[in-house]
Peer 1: 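Sharing a structure, written as structure tokens. Questions coming.
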There are 2 protein chains.
Amino acid sequence: MISLAEENYLKSIYHLSQAGSKSVLTNELAEAMNTKAASVTDMIKKLSTKEFISYEKYYGVNLTAKGKTVALSVIRKHRLWETFLVEKLAFSWDEVHEVAEQLEHIQSKRLIEKLDEYLGFPKVDPHGDPIPDTKGKIKALQQVMLATLKPGADSIIVAVKDSDSQLLKYLDKIGARPGKTIKVIEREEYDGSMEVSINNQRFFLSKEVSENILVNA
Amino acid sequence: MISLAEENYLKSIYHLSQAGSKSVLTNELAEAMNTKAASVTDMIKKLSTKEFISYEKYYGVNLTAKGKTVALSVIRKHRLWETFLVEKLAFSWDEVHEVAEQLEHIQSKRLIEKLDEYLGFPKVDPHGDPIPDTKGKIKALQQVMLATLKPGADSIIVAVKDSDSQLLKYLDKIGARPGKTIKVIEREEYDGSMEVSINNQRFFLSKEVSENILVNA
DNA sequence: ATATTATTTTAGGCTTGTCTAAAATAATAT
DNA sequence: ATATTATTTTAGACAAGCCTAAAATAATAT
Ligand SMILES: [Mn+2]
Ligand SMILES: [Mn+2]
Ligand SMILES: [Mn+2]
Ligand SMILES: [Mn+2]
């Protein structure tokens, strides 16, 4: 049996280890989990005993194959539920993350299989994030932050960061959705802001925004 | 904030107080919750402090208006989810209860409103149980156990007990579903078993089965 | 009225997941 | 190489929810 807290830690470790390529450190995890380092150390020990992670004292943790499977299963559920909420219940994409955080912990293989089928076996969620298959296989998209593109570059939005409702509302307003073409007109070196065009309309994006828009490489 | 355990206790107290008209006793609750009397006493104190129940030591508990509201909200969610699982995901009626026990604890007003709308504002769940409305108003059906009917009586099945998968499979097989007409042919006094006809077919039902079929009074 | 039995509560303990404060270790700067 | 700083771990505590065993109370039988 795996608890809700354990699932959330494993998911978080997975996401953090995707970002960087090194071990996930205690403080990183504490920040991500909105808790204290001491609590993280406690949980790390439990997860390590259960062989979901490998742990070297003072040097952070890494998911084992077993742990990765759990993490991907939770992510699969999260993204399928988000898709359901948007496609079937007419939620907007900025409202779904919080609810999916709860729904992802429902334990029922059958439910997820049925849901997947009902949704027509979607490949990505409403934010463009790939949905792992039953076996936890995930399509590693070729994606890069919009912030890294040079002026003149033309590319297609692949995904956006999904957990900030404010950002999503803004992106929706300017039409920055997965599938859309975005062109970098100009880039200000000193603050990383840029002018872009979407749907033949021009917008100024701060560095913060352009780092949360992922485009095809 | 109300915890999952608290919600389950309140739901259970509600169901037990519907059955009998007296206060709900510690042992009844322990049995229903699959736990020990001592644990029930502990929880009762918490719920009492939070004013979800009124509690007289040694004489059992009763829901306050506040507690009843919570219980009915959980029951509403449970029954809406069961309806969703059967109507949209093609679950059979004997598979849904367990999953709904989990889904009923998802906290999101918006989700339940949208789900209700998506399902077309159903009035009863797949087992015939009435779905409380947003305000917790529930249609008290005129219903009586099939077991109490006399031979010759003709009546319509209104609901069936929903938490026993085996029973539901059996009822489905013989066609005993809500809305169907059932006629009592004969009743054996000494064991309470009866012969009935459904869809012009005859079946022998044990007392146990006939107590779990509810018909219009 | 009193004794026996059944029910409920209390006492004390365990696990999970959290916390703060203190100690240990690693990283960095001189 | 050593001192300072930052990070991580340990120690000890707490709330929620559960448990067993013992004590208290209520119900019932004589
Ligand atoms: Mn999300
Ligand atoms: Mn998403
Ligand atoms: Mn049910
Ligand atoms: Mn039901």
Side-chain angles (χ1 to χ4, degrees), chain A residues 1-14 16-17 19-63 67 70-71 74 101-102 104-107, chain B residues 1-13 16-17 19-63 67 70-71 74 101-102 104-105 107:
Chain A
M1 267 303 79
I2 184 157
S3 74
L4 188 143
E6 288 171 335
E7 284 192 343
N8 282 332
Y9 269 92
L10 292 176
K11 185 166 57 110
S12 210
I13 293 168
Y14 177 84
L16 289 170
S17 64
S21 59
K22 291 166 296 188
S23 293
V24 174
L25 303 178
T26 303
N27 265 354
E28 287 175 351
L29 204 39
E31 159 110 60
M33 295 293 298
N34 239 293
T35 184
K36 299 300 156 77
S39 309
V40 171
T41 302
D42 286 345
M43 180 55 91
I44 275 175
K45 286 182 194 159
K46 286 170 203 158
L47 293 174
S48 183
T49 303
K50 293 190 177 180
E51 298 188 292
F52 289 120
I53 58 177
S54 61
Y55 169 43
E56 211 182 335
K57 237 178 167 184
Y58 290 101
Y59 293 92
V61 302
N62 285 97
L63 289 175
V70 173
V74 176
E101 286 291 308
Q102 297 178 61
E104 72 189 8
H105 300 291
I106 303 291
Q107 307 281 7
Chain B
M1 266 303 80
I2 184 157
S3 74
L4 188 143
E6 288 170 335
E7 286 192 343
N8 282 333
Y9 270 92
L10 292 175
K11 185 167 55 115
S12 209
I13 293 168
L16 289 170
S17 64
S21 59
K22 289 165 297 186
S23 293
V24 174
L25 304 177
T26 302
N27 265 355
E28 287 175 351
L29 204 39
E31 159 109 61
M33 296 293 299
N34 238 294
T35 185
K36 298 300 156 78
S39 309
V40 171
T41 302
D42 286 345
M43 180 56 89
I44 276 176
K45 286 182 193 158
K46 286 170 205 160
L47 293 174
S48 184
T49 302
K50 293 190 177 181
E51 299 189 289
F52 290 120
I53 58 177
S54 61
Y55 169 42
E56 211 182 332
K57 240 178 164 186
Y58 291 102
Y59 293 92
V61 301
N62 285 98
L63 289 177
V70 173
V74 175
E101 285 291 308
Q102 297 179 61
E104 72 190 7
H105 301 291
Q107 307 281 7

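Chain naming here is simple, since letters A, B, ... match the order of the sequence lines and numbering starts at 1 in each.
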Peer 1: Please find the pair of heavy atoms, one from B:T26 and one from B:A37, that lie closest to each other, and give the distance.
Peer 2: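 Closest approach of B:T26 to B:A37, heavy atoms only: CG2-O, 3.7 Å.
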Peer 1: Would you kindly give the NZ-to-C1' distance between B:K22 and D:dA26, to the nearest whole Å?
Peer 2: 15 Å
Peer 1: Roughly how many Å is it from CG in A:L25 to P in C:dA27, rounded to a whole number?
Peer 2: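 Rounded to whole Å, this separation is 10 Å.
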Peer 1: For a quick test of reading the model, state the closest non-hydrogen atom pair linking B:Y55 to B:S48 and the distance between them.
Peer 2: CB-OG, 3.7 Å
Peer 1: Which residue, B:E56 or A:K57, contacts DNA chain C at a nucleotide closer to its 5' end, judged by nearest heavy atom?
Peer 2: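 Its nucleotide being nearer the 5' end, the pick is B:E56.
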Peer 1: Expressed as a whole number of angstroms, how long is the span from A:E31:CD to D:dT7:P?
Peer 2: 12 Å
Peer 1: Could you write nucleotides 15-24 of chain D as a row of B, S and -, 5' to 3', where a protein heavy atom under 4.0 Å of any base atom gives B, of only sugar-phosphate atoms gives S, and otherwise -?
Peer 2: -SBBBB---B
Peer 1: Paired stems touching DNA chain D, three or more consecutive Watson-Crick or G-U pairs with both distances under 3.5 Å?
Peer 2: C:1-30 with D:1-30
Peer 1: Should the heavy atoms of other residues, nucleotides or ligands under 6.0 Å from CD of B:Q107 be counted, would the total exceed 12?
Peer 2: yes
Peer 1: What's the NZ-C1' distance between A:K45 and C:dT15, to the nearest Å?
Peer 2: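 It works out to 15 Å between those atoms.
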Peer 1: For a quick test of reading the model, state the closest non-hydrogen atom pair linking B:A5 to B:M43 and the distance between them.
Peer 2: CB-CE, 3.8 Å
Peer 1: Please list all pairs passing the salt bridge (Lys or Arg N to Asp or Glu O under 4.0 Å) test where one or both residues lie in residues 36-51 of chain A, with sequence neighbours left out.
Peer 2: A:E6-A:K50
Peer 1: When you measure from the side-chain N and O atoms of A:N27 to the phosphate of D:dA6, is any distance below 4.0 Å, counting only OP1 and OP2?
Peer 2: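 Answer is no, no contact under 4.0 Å.
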Peer 1: Are A:L25 and A:L16 side-chain neighbours, meaning at least one heavy-atom pair lies under 4.5 Å?
Peer 2: no
Peer 1: Please report the shortest heavy-atom distance between A:I53 and A:I44, naming the atom on each side.
Peer 2: CD1-O, 3.6 Å
Peer 1: Do A:V61 and A:F52 touch side chain to side chain, with heavy atoms closer than 4.5 Å?
Peer 2: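 SC-SC contact between A:V61 and A:F52 ruled out.
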Peer 1: With DNA chain C as reference, determine whether A:Y59 or B:Y59 sits nearer its 5' end, using the nearest nucleotide of each.
Peer 2: B:Y59
